[in-house]
Amino acid sequence: MALTLPELPYDYDALGEYMSAETLEYHHDKHHKAYIDKGNEKSKKELNNDNFIPAMLDAFKNDQGLFNQLGQHYNHLHFWQWMSPNGGGKKLPGELEKQIESDLGGFDGFRKKFIESGTGQFGSGWVWLAMDKNGKFEVTSTKDGENPICYGKTPLLGCDVWEHSYYIDYRNARQKYLEAFVDHLINWEHVAELYSEGQLKEVA
Ligand code: MN3
């Protein structure tokens, strides 16, 4: 066993004009696959889904070259699931909506912060909705392949702001891409799942 590339959870053309089949073919089949191949190649031990997150955190401290691949594998694994056809907008599951209301000023506050943070991330990286150890939500961005786990936080939602994620469909208009992601693509059900798993972890 080694890390493998999961299939997309929808057809390549399922996200319509918001993210084209051409983007998904390059991004999933080539970019994500390359992170997996290089991660398997660089790792001194056999990686699998169970030992992968501890290996990513170890590499974050000790092996930047390996971390780049493993961080990006984690980020993309969820990125495909953080989108769905007819997603996005204000249709938030109840518990999630309450927490976004109290910590971020509701959907509108979240939307503004998420788009600003993603637009403001200089160079390649990711923008996140994350939960800290006290269960408080925050919007943050990270560079390159980093993610909130590296900083002891739970990622609930992430959007890839590397140019390979939007250049075919939006050219250099990163803000338009982020607006489309928030308004039409976010799979809130997956965000809610990660939120309840994160709450369980805190109790345990
Ligand atoms: Mn990417």
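Counting starts at 1 for both ligands and their atoms, following the listed order. Along the sequence shown, the residues carry numbers beginning at 1.
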Residue pair Asp183, Arg111: steps toward the salt bridge (Lys or Arg N to Asp or Glu O under 4.0 Å) verdict: CA-CA 9 Å; Asp183 295 336; Arg111 184 183 187 279; 2.7 Å; yes
Got a donor-acceptor contact below 3.5 angstrom from the [X] side chain to the [Y] backbone?
| X | Y | result |
| --- | --- | --- |
| Trp82 | Leu156 | yes |
| Asp11 | Asp13 | no |
| Tyr170 | Tyr18 | yes |
| Tyr195 | Gln99 | no |

Between Trp126 and Gln72, a side-chain donor and acceptor under 3.5 Å: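 Short answer, yes.
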Atoms of protein origin (N, O or S) under 2.8 Å from the Mn ion (ligand 1):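 Sorted hits: His27 NE2, His76 NE2, Asp160 OD2, His164 NE2.
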